[in-house]
Each structure stands twice: as C-alpha cells, then as structure tokens.
Number of protein chains: 2
Amino acid sequence: MLDDRKKKVLQAIVEEYVNTAEPVSSNSIVNNYGLNYSSATIRNEMANLEKTGYLEKTHTSSGRIPSEKGYRYYVDELLKDDNISLEEIKYISEKLETKVNEIEDLTKIATTTISEITHYTTLAIGPSTQGLLIEEIKFVLLGPRMLMAIILTNTGMVKETIIKFDEDVSDKQVETINYMFNQKLKGQPLEVIDLPLEEYLINEMKYSVKVIRPIIEQIKRVVKQDRQLYLEGTNKLFDLPEFNSLEVAKNFVNIIDEKELMTDILNSGFAKDINVYIGDETEKQELKDFSIITFKHKVGDKDLGTIGIIGPKRMDYSKVISVMKYINKKLKDKGT
Amino acid sequence: MLDDRKKKVLQAIVEEYVNTAEPVSSNSIVNNYGLNYSSATIRNEMANLEKTGYLEKTHTSSGRIPSEKGYRYYVDELLKDDNISLEEIKYISEKLETKVNEIEDLTKIATTTISEITHYTTLAIGPSTQGLLIEEIKFVLLGPRMLMAIILTNTGMVKETIIKFDEDVSDKQVETINYMFNQKLKGQPLEVIDLPLEEYLINEMKYSVKVIRPIIEQIKRVVKQDRQLYLEGTNKLFDLPEFNSLEVAKNFVNIIDEKELMTDILNSGFAKDINVYIGDETEKQELKDFSIITFKHKVGDKDLGTIGIIGPKRMDYSKVISVMKYINKKLKDKGT
DNA sequence: ATTAGCAATCGAAAACAAAGAGTGCTAAAA
DNA sequence: TTTTAGCACTCTTTGTTTTCGATTGCTAAT
C-alpha cells in the first residue's frame with residue numbers, strides 16, 4: 001500500500017506527464033503541485049516509487065514517467081471521474097439533443113462528440129446479436145426470383161437480406177415459406193438458424209432444396225455478419241508529440257487497419273461499465289504503446305453497441321472516463 | 001513536342017525515380033538505361049527538360065525529379081499499359097473467380113487484389129443512384145408504427161428503409177399508400193422524390209401529414225444517402241520513403257480521414273475508362289503530394305461503383321494502370 | 001525525517017569538418 | 001553542329017567534438 005505522500009507524488013507525476021509528455025522532475029512537482037517538501041524529499045519518494053515499480057526512468061539522469069503499474073494504480077485509485085467542465089457538459093448535452101431518425105445515428109453523434117472533446121481517435125461497433133430472439137420473419141417477393149427476408153427481433157432490431165433463386169418462386173410458395181419459417185422460428189434465439197433447421201425444413205416442406213437452402217444461407221449470413229466498425233478522428237493522434245516517432249505513427253496506422261483486432265477489443269470486457277486497457281494489458285503486442293477505453297452504451301435499455309477511444313498510454317484517463325460516464329448516463333436517460 | 005531522345009530521358013528519369021525515390025543523376029541514366037551518350041549530353045538534355053518544365057531539381061547540385069508536367073506527359077505519351085506479369089494475371093484471375101453471393105463482394109475482392117498487387121491504398125465506393133429509375137416501391141408493415149419501404153430500380157438495385165410513426169397505421173392505409181406511391185413514382189427517376197411530390201401526395205390522399213411526411217423523408221434520405229466508402233491498406237504507404245517525412249504521413253492520414261473529399265474524387269471523372277489525377281491536378285491543396293487513379297467497374301453492364309488507389313506522386317503509374325485495365329476487362333467479361 | 005549542496009550523468013543542440021554526389025560550363029573532339 | 005572530357009563549384013549528408021543544462025543520487029548537516 002502506498003502512503004499518502006507517495007500517492008500524491010504518483011498522481012502529480014501522472015498528471016504532469018499526461019500534460020507535458022516530458023519526463024517529470026522532482027522540481028516541477030514541488031513548484032506546480034504544492035507539495036510542501038523539498039525537491040530532495042520528492043526525489044527520495046520517486047526513487048522509492050521506482051523501486052516498487054510505479055515509475056520508470058528514460059535514462060539515468062532524467063525525470064520519471066509512470067510505468068504501466070503506475071497508470072493502473074492511478075486509474076484504479078487516484079483518478080477523479082468528474083473532470084468535465086460546464087462548457088463540455090453543455091456541448092455534450094446539445095449534441096445528444098439532436099433529433100435523429102435512426103437510433104443508430106445517436107451512436108455516431110456520441111462517437112464524434114467524444115472524439116471532439118478528448119482529441120483521441122474513437123471507435124464504435126454496433127450491438128451484438130448475441131442472445132436476441134426472433135420475433136418474426138417476413139418475406140417479400142421482389143421479383144420472380146428475388147425474395148427479401150426481414151427479421152424482427154425482440155429488441156426491435158431489424159435485419160434484412162435479399163435472396164436470389166435459380167428458379168421462379170410463386171406467391172403461394174412464399175406464403176408457405178413464411179408460415180413454416182415463422183412456425184419454427186418465432187421466439188427462438190437467432191443462433192438457432194443452422195444446419196439441423198435446414199434439414200428439418202427441407203424435409204418438412206415439399207419445396208426443393210434449391211429454394212430453401214439459399215434462404216437459410218442468406219439468413220445465416222446476415223445474422224452472423226461482422227458488425228461495421230466506425231472510426232472517427234484517425235488523424236487526431238498525429239498531433240501528439242509521441243507521434244513524432246515514425247515507429248509509433250506507423251504502428252498506429254497498422255493497428256487501425258486491423259479491423260479484427262479492434263473489433264475483438266470492443267467486444268471484450270463485459271464486467272464493468274467502463275473498461276480501461278493500458279498498454280500491454282491487452283496482451284496484443286501491437287498495442288503496447290497505446291491505451292484503450294471502452295464502454296457499452298444503451299438508450300433506455302436498448303443495447304446500442306460499444307464505443308471506445310484509443311490514444312497513447314499517456315492518456316488523459318480522467319478526462320476520457322469523465323466524458324464517457326457523462327455520455328453514458330445521458331444516453332441511458334434518453335430512453336425514458 | 002519532345003524529340004525522341006528527350007522522351008527517352010524523361011521516361012528513364014520517371015521510371016528510375018519511381019523505383020528509387022531518389023533524384024536521378026545523369027550518370028545513373030547512362031548506366032542503367034542504355035542510352036548511348038555521355039553523361040554530359042544527358043545533362044544537357046536534362047537542363048533543357050527542366051527549362052521546359054518537365055523536370056525539377058531539389059537543390060542546385062542534385063539530380064532531377066519529374067515535375068507534375070513530366071508525370072503527366074509520361075502517363076499520356078510514354079507509359080506502357082501492359083506492365084503486368086503472368087503471375088499477376090494468374091493471381092488476379094483466381095481471385096476474381098471466387099464464388100460470391102453478393103455481387104458487391106466482387107468489389108471488395110477487386111479492391112483487395114489491387115491493393116495487394118500495387119501496394120498502394122485502395123478506395124472503393126458503391127454505384128451512384130444518379131439516373132436510376134424506380135421500378136417499384138413495396139411497403140411492408142413491420143409493426144403498428146413501423147413500416148419498411150423497399151425501392152426497386154430498373155438496374156436491379158434494391159434500397160430499403162424503415163419508417164417509424166407517432167400513430168398507428170393500418171393495413172388498409174398501407175395498401176393505399178402503396179397504390180398511390182407506385183401510381184405516382186413507377187418509371188420515374190429516383191430524384192423525382194422531393195418537395196412537390198410531398199405536397200401532391202398530402203393533398204391527394206386524405207392521410208395526415210404525420211404519415212406521409214416521414215415516409216417521404218426517409219425515402220429521400222436513403223436515396224441520397226452517402227454511399228459507404230471502403231478503404232483498404234491504409235498502412236501500405238507507410239513503407240514508402242516519402243513517409244519518413246512526418247508532414248507527408250500526417251497529411252495522408254488527414255486525407256484518409258476526410259471521407260467527403262475521397263468520395264468527391266471517386267465520383268468525378270466520367271470521361272475516361274481510367275482517370276489519373278497527379279498531385280495538384282485535383283485542385284485540392286491536401287492532395288498535392290499524392291496521385292489518385294480511379295476507374296468505374298461493371299459486371300456485364302451492371303454498374304458496381306468506382307475503385308481508386310491513392311499513392312505518392314512518384315507512383316508506379318504503369319503498373320497500376322495495367323492492373324486496373326486487366327481487372328476492368330475481367331469483370332466486364334464476367335457478366336456475360 | 002528532512003533538506004541543502006554538490007559531483008556525476010546523460011541528452012540535446014550547436015559548431016565544425018570532411019566526404020561525396022552531382023551539376024554547369026568551357027574548351028576540345030568528332 | 002553535336003558530343004564529350006574535364007574540372008570547379010555547390011550543396012547535402014554524415015560524423016565528430018564541444019558545450020550547455022537539466023536532473024539525479026548521495027552525503028553531511030539540520
């Protein structure tokens with residue numbers, strides 16, 4: 001356990017480093033953070049915090065920077081999560097008041113707003129279909145060989161897909177298809193649509209495999225479909241001093257290009273409201289220089305997916321978490 | 001008009017510079033391009049080509065690099081568009097043989113393939129709705145206050161959108177809506193859906209504004225909707241030597257972030273099969289260091305949108321254009 | 001337990017030197 | 001008239017040395 005003064009020193013160093021991106025000296029702490037001790041005392045504390053793994057040095061005679069353990073301690077124990085100004089509150093509120101036609105547009109607005117306020121790159125991904133139930137499937141014949149299937153879920157999410165056939169399909173057939181599919185699927189989880197169902201339907205109905213199989217295939221496809229990943233403000237990070245290193249910059253672009261990696265991270269972390277991954281904590285080598293903070297957002301109790309931000313390890317955790325908490329709350333309230 | 005030797009010198013300089021990214025000296029041309037003259041002669045030609053604007057110097061005693069005018073001349077007059085190896089042809093053919101369910105997936109495959117072969121960043125955008133005619137509109141009631149409109153166009157493109165109402169809508173009402181909308185819109189261009197139509201429908205039908213207006217608004221929205229921009233291989237360019245300059249790298253990320261700019265460029269240039277924009281030719285300041293090459297692709301005669309690549313001005317125009325031509329042809333054939 | 005004081009360490013920046021690549025020009029050769 | 005050899009000149013690149021300043025760790029005093 002850290003004693004009080006050590007906490008204060010650690011906090012000061014994290015905050016100063018977040019601000020300046022320069023190793024923090026004992027002197028600057030004394031001058032800017034009003035700790036009533038001499039720089040020598042602070043130096044002793046710093047040496048100690050280094051020994052216990054909370055701080056690091058870039059070279060023998062440099063100031064200190066926080067280690068991952070240091071950031072983690074700061075985030076868990078020291079950080080204030082109401083670091084948000086009146087102007088920011090006002091700005092966010094205004095943004096979220098915007099009238100939208102599609103509820104998904106709210107995600108975009110929230111994503112953009114976060115990026116604007118925090119100056120980091122934001123990511124967003126739509127809600128998972130995991131656990132959703134099929135409320136109804138509708139079929140609409142768009143042409144003699146073209147059918148649209150519309151799947152309604154219990155949460156009001158709608159997914160639709162077009163199926164093309166090699167042979168003509170009649171209204172009558174569609175009616176039967178409609179009946180059979182709904183008979184079998186209503187109230188079932190989306191994941192139920194799979195091979196056994198396929199066999200069952202083909203056996204049960206007299207229609208050729210040529211009609212049933214494409215339908216099931218397409219439905220399976222659309223249900224499992226990778227959700228679209230949104231990116232906002234890729235360029236924002238390039239203003240940061242760490243991006244003067246070509247290696248870091250290149251690394252970042254590589255990461256951003258790997259949609260799967262990003263999707264994975266957004267999809268993990270269910271435990272808490274807000275998930276913070278600091279550097280190596282993601283256990284993905286590429287991300288060692290970066291931190292990611294994510295949260296699931298809902299409007300009312302309708303799941304809207306996950307929003308995240310990515311920035312340098314030297315991230316303004318306090319600001320980001322404060323903003324996320326506020327937006328999260330605002331959105332939740334909006335549903336009521 | 002450039003005489004033969006000048007052409008050869010210009011061509012050599014462009015190709016050498018494309019390969020090495022270093023200013024080209026008179027000596028290297030003599031050595032690597034088998035021009036049977038002394039370096040002094042080449043130097044004279046180079047001085048001349050510089051005076052006439054085809055070449056540039058980075059400083060007094062440096063080799064030459066092509067100017068925009070030089071690149072342009074090269075692209076228009078000197079470039080070979082069959083710069084494609086047997087392996088590449090085989091690779092492309094295989095890729096394009098892949099069985100796809102959605103024809104749009106072909107676009108993705110083509111885009112990825114181009115990025116893989118050329119090592120530049122590729123862009124793609126879906127087909128324009130410009131000039132399409134409405135074949136039919138179908139309405140499906142998904143719930144008492146939720147309606148889906150499905151628009152079929154003459155090219156087989158399908159667009160659908162969901163409309164939510166503040167009041168219940170009956171089957172009967174939907175029937176009328178269906179009749180009226182189709183009555184009025186069948187065979188019309190998509191762009192016809194606009195204010196006058198709105199007034200007309202509201203007057204003609206006895207349904208409240210509350211029902212008609214949201215329908216038209218949503219349809220207008222989905223028709224005009226920005227088409228999704230795909231990006232592939234953003235990181236590819238970061239391996240190029242010009243990206244050692246932070247300014248260039250940052251510039252690039254800024255460009256990539258500006259979806260609108262990219263969309264604009266992909267949408268312009270109808271005149272030719274393949275459009276080449278060299279540096280400032282786009283007249284967008286941000287793009288001055290980059291070149292863009294785009295082409296519209298079709299399967300059979302079905303418009304699939306535009307694919308483009310973005311790279312440094314020092315781009316392998318020959319390779320890119322060759323690959324695009326080949327893919328273009330392959331896709332076109334596929335429709336038959 | 002705290003602090004003043006000071007030598008030691010290291011990086012960043014500046015100043016300087018040397019090497020090398022390339023050009024332009026002149027005068028000679030073809 | 002065209003081409004070329006030759007050479008002085010220019011400018012970049014690279015490496016080296018020096019200087020300067022920031023900061024630490026340690027010791028001895030408070």
Original post:
Between the side chains of A:Y33 and A:Q11, is a donor N or O closer than 3.5 angstrom to an acceptor N or O?
Top reply: no
**OP:** Take the angle between the ring planes of A:F252 and A:F238 and call it parallel below 30°, perpendicular above 60°, tilted in between.
**Re:** perpendicular
Separation of atom [atom1] in [X] from atom [atom2] in [N], rounded to whole Å:
| X | N | atom1 | atom2 | answer |
| --- | --- | --- | --- | --- |
| A:D3 | C:dT2 | CG | P | 10 Å |
| A:I42 | D:dT23 | CD1 | P | 15 Å |
| A:N48 | C:dA1 | CG | P | 12 Å |
| B:E45 | D:dT4 | CD | C1' | 14 Å |
| A:L49 | D:dT24 | CG | P | 13 Å |
| B:K6 | D:dT3 | NZ | P | 10 Å |
| A:E22 | D:dG21 | CD | C1' | 14 Å |
| B:N27 | D:dG6 | CG | C1' | 13 Å |

Subject >> Side-chain heavy atoms of B:S26 within contact of B:M46, under 4.5 Å >> reply: yes
Subject >> Beyond-backbone contact of A:I13 with A:L55, side-chain heavy atoms, under 4.5 angstrom >> reply: yes
Original post:
So what does A:T58 hit on the nucleic acid, given a heavy-atom distance under 4.0 Å: a base, only sugar-phosphate, or nothing?
Top reply: nothing
Taking the side chain of [X] as heavy atoms from C-beta outward, which of [options] is closest to it?
| X | options | result |
| --- | --- | --- |
| A:H59 | D:dT24, C:dG11, D:dC11 | C:dG11 |
| A:E50 | D:dT10, C:dT23, D:dG25 | D:dG25 |
| B:T60 | D:dT10, D:dT24, D:dT12 | D:dT10 |

Original post:
Which parts of nucleotides 3-8 of chain C does protein reach within less than 4.0 Å, heavy atoms only, written one letter per nucleotide 5' to 3' as B for base, S for sugar-phosphate only and - for none?
Top reply: BBB---
Original post:
More than 12 non-hydrogen atoms from neighbouring residues, nucleotides or ligands closer than 6.0 Å to NZ on A:K8, yes or no?
Top reply: no
Original post:
Counting only side-chain N and O atoms of B:S26, is one of them less than 4.0 Å from OP1 or OP2 of C:dT23?
Top reply: yes
Original post:
Between B:K57 and D:dT12, does any side-chain N or O lie under 4.0 Å from OP1 or OP2?
Top reply: no
Original post:
After noting the C-alpha distance and the side-chain angles of B:K313 and B:E242, does the key distance pass the salt bridge (charged side-chain N to carboxylate O under 4.0 Å, His left out) rule?
Top reply: CA-CA 10 Å; B:K313 273 205 292 198; B:E242 24 276 270; over 6 Å; no
Subject >> Any donor-acceptor pair under 3.5 Å from A:T41 side chain to A:Y37 backbone >> reply: no
